[in-house]
Amino acid sequence: MKIVVGDRNVLPHREQFEAGLPAEAQVIWCVPFDESRVIDELADADVYVGGKFSAAMGAAAPKLRMVHVAGAGTDNVDRSGLGPDVQVCNTFHHEQSIAEYVVAATVMLRRKFLEQDRALRAGVFATAVYDPSIAQPLSLSGARIGFVGFGHIGRRTWQLFRAYGATGAAVTGSGRAPDEGLEWVSGTDDLGMLIDFADVLVVSAPLNERTRGMIGAEELSRLGSDGVLVNVGRGPLVQEQPLFDALSCNAIAAAAIDVWYHYPGPDGIGEPSSLPFRDLDNVLMTPHSSGVTHHTFVGRVADIASNIDALAASIGR
């Protein structure tokens, strides 16, 4: 069995990964990702592991039996070049790391730590203790958390928020969610009601034709000038220009953005948006890193190796 790996996040766990594979497996590491080299190696490959899979890669892989993404999203897998018997698999294990990010970002933004850091570097103690024009910041106790999507990420994030004494509600595609102690759960038709409820809006829904652009100018206006938005789903769930405008004029208090509108090539160099979010002082900008931890990829590598082993068993190795 030949396995081609094009995801650099798997490489730090190479020993664990290879130890979990069938004994006769041959692993080709194409890291950093180089599509032309990957295409050459796919000619006789059984499995490809990586986040991006193009139609050209599929056309070059007549023997392929599995494409395994080293993450949850399969939106960068072009299935047009794949036969009907090719399995496209994903894996999770990111929910704890992303939940930590969401809570940490929320605390940082609601407590104004970014502003305090900048001020203190200039010698200013920017707190209500020294400046009566500065309001005392808000804690998480009693905060209302609205979840747009309540899957693996939403549920784990809510467990952490709940420990701080927050209350929560959610909208989901099905209008249902497990009983996790939320105030209420409804369908996405009630997104406006959720936003009216929320002090903090956590966006972790999947991106599809129904959810693309679901949060725009009207929704951001309803979140209000004290509202915080945290997007760990996909960038286009929130409309780009209205988000920039809302932050620019303080129609909302702040946002943590971990998922973007543009992504770089393999060198990691590129602007995340056509708009200058970097110039705003009420934005925490991170490079889609909320789930990128050692903990996440130890679990993912174990899943990928296990699925490949199961595939090998099903075809008689």
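In this chain, numbering begins with 1 at the start of the sequence shown.
The shortest non-hydrogen separation linking Gly20 to Asp309 is O-CB, 4.2 Å. Shortest non-hydrogen contact noted between Ile304 and Val69 is CD1-O, 4.4 Å. In terms of heavy atoms, Asp199 sits closest to Gly142 at OD2-O, 4.4 Å. Between Ile153 and Ser204, the shortest heavy-atom distance links the atoms CG2-CB, 4.0 Å. For the pair Gly58 and Leu82, the tightest heavy-atom approach, listed with the atom from each and the gap, is CA-CD2, 4.4 Å. The two atoms that bring Gly233 and Val259 nearest to each other are O-CG1, 3.5 Å, heavy atoms only.
In this structure, Thr296 contributes its side chain and Gly291 its backbone to a donor-acceptor pair below 3.5 Å. Side-chain atoms of Asp78 do not come within 3.5 Å of backbone N or O of Ser54 as any donor-acceptor pair. Distance alone, capped at 3.5 Å, is enough to place a donor-acceptor pair between the Glu219 side chain and the Gly216 backbone. Between the side chain of Trp260 and the backbone N or O of Thr286, at least one donor-acceptor pair lies under 3.5 Å. At distances below 3.5 Å, not a single donor-acceptor pair connects side-chain atoms of Glu180 with backbone N or O atoms of Gly154. When atom types are taken as modelled, the side chain of Ser314 and the backbone of Leu311 share a donor-acceptor pair closer than 3.5 angstrom.
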Applying side chain to side chain contact (heavy atoms under 4.5 Å, CB included) to Arg79 and Thr74, what does each step give before you reach the verdict?
CA-CA 10 Å; Arg79 300 172 190 246; Thr74 60; 3.5 Å; yes
Kindly indicate, with the supporting measurements, whether the criterion ring-ring contact (aromatic ring centres under 6.0 Å, His included) is fulfilled by Tyr263 and His288.
CA-CA 9 Å; Tyr263 279 83; His288 207 148; 5.6 Å; yes
For Leu280 and Ser248, what are the C-alpha separation, side-chain angles and deciding distance, and is it a side chain to side chain contact (heavy atoms under 4.5 Å, CB included)?
CA-CA 7 Å; Leu280 303 177; Ser248 297; 3.6 Å; yes
Salt bridge (Lys or Arg N to Asp or Glu O under 4.0 Å) evaluation trace for Glu35 with Lys52
CA-CA 9 Å; Glu35 184 164 346; Lys52 175 186 176 184; 3.4 Å; yes
Apply side-chain hydrogen bond (donor to acceptor under 3.5 Å, both in side chains) to the pair Glu240 and Ser273, showing each step before the final yes or no.
CA-CA 8 Å; Glu240 185 176 13; Ser273 170; 2.5 Å; yes
Report the C-alpha separation of Thr127 and Ile134 in whole Å, then their side-chain angles, then the decisive distance to 0.1 Å, and conclude whether the side chain to side chain contact (heavy atoms under 4.5 Å, CB included) test is met.
CA-CA 6 Å; Thr127 82; Ile134 297 175; 5.8 Å; no
Show, in sequence, the C-alpha distance, side-chain angles and deciding distance for Asp258 and Tyr101, and conclude whether the side chain to side chain contact (heavy atoms under 4.5 Å, CB included) test is met.
CA-CA 9 Å; Asp258 188 51; Tyr101 169 93; 3.6 Å; yes
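Side chains of Val4 and Glu41 form a contact here, defined as non-hydrogen atoms less than 4.5 Å apart. Pro137 places none of its side-chain heavy atoms less than 4.5 Å from the side chain of Arg110. Counting heavy atoms from C-beta on, the side chains of Val292 and Asn9 come closer than 4.5 Å. You'll find the side chain of Val49 reaches within 4.5 Å of the side chain of Ile308, heavy atoms only. Between Asp281 and Glu115, the closest side-chain pair of non-hydrogen atoms is not below 4.5 Å. Contact check for Trp158 versus Leu182: side-chain heavy atoms found under the 4.5 Å cut-off. By the 4.5 Å heavy-atom criterion applied to side chains, Val5 and Val47 are not counted as neighbours. Looking only at side-chain heavy atoms (C-beta outward), Val38 and Tyr48 come within less than 4.5 Å of each other.
A distance of 8.0 Å separates CZ of Phe197 from CD1 of Ile145, quoted to the nearest 0.5 Å. To the nearest 0.5 Å, the span separating NE2 on His295 from OG on Ser97 amounts to 5.5 Å. From Ile315, atom CD1 reaches atom CE of Met66 across 9.0 Å, with rounding to the nearest 0.5 Å. Summarising the geometry, atom OG belonging to Ser221 is positioned 12.0 Å from atom CG belonging to Asp245; distances are rounded to the nearest 0.5 Å. Going from atom NE2 of His68 over to atom CD1 of Ile3 covers 11.0 Å, rounded to the nearest 0.5 Å. Once rounded to the nearest 0.5 Å, the distance linking CG of Leu247 with CG of Leu220 reads 8.0 Å.
Between Arg234 and Asp75 there is a salt bridge, with a side-chain nitrogen of the basic residue lying less than 4.0 Å from a carboxylate oxygen of the acidic one. In this structure, Asp44 pairs ionically with Lys2, as a charged nitrogen and a carboxylate oxygen lie closer than 4.0 Å. Arg222 has a carboxylate O that lies under 4.0 Å from a charged side-chain N of Asp196, or vice versa, which qualifies the two as a salt bridge. Using a 4.0 Å cut-off between charged side-chain N and carboxylate O, Glu271 and Arg278 make a salt bridge. We find that Arg144 and Glu183 are not joined by a salt bridge, their nearest charged nitrogen and carboxylate oxygen being 4.0 Å or further apart.
Residue Ser186 is tested with Asp189, Thr188, Asp190 for a side chain to side chain donor-acceptor pair (under 3.5 Å); the sole match is Asp190.
Note: the hydrophobic cluster containing Ile257 does not contain Phe113 (ILVMFWY, side chain heavy atoms under 4.5 Å, direct or indirect links). Cluster membership for Val301 and Phe92, using ILVMFWY side-chain heavy atoms within less than 4.5 angstrom, is not shared. Val228 and Leu138 fall into different hydrophobic clusters, where Ile, Leu, Val, Met, Phe, Trp and Tyr residues are linked whenever their side-chain heavy atoms come under 4.5 Å apart, directly or through other members. Criterion: ILVMFWY side-chain heavy atoms under 4.5 Å apart, direct or through other members. Under it, Leu229 and Met193 are part of a common hydrophobic cluster. Met214 and Val230 are assigned to two separate hydrophobic clusters, defined by single-linkage of ILVMFWY side chains at heavy-atom distances under 4.5 Å.
Within a 6.0 Å sphere centred on CZ of Arg176, other residues, nucleotides and ligands contribute 12 heavy atoms or fewer. Atom OH of Tyr164 has 12 or fewer heavy atoms from other residues, nucleotides or ligands within 6.0 Å.
A side-chain donor-acceptor contact under 3.5 Å links Arg156 and Gln159.
Under the 6.0 Å distance and 45° angle rule, Arg300 counts as a cation-pi partner of Phe297.
Relative orientation of the Phe147 and Phe161 rings is perpendicular, given thresholds of 30° and 60° on the angle between their planes.
Aromatic rings from His294 and His13 are positioned such that their centres are separated by under 6.0 Å.
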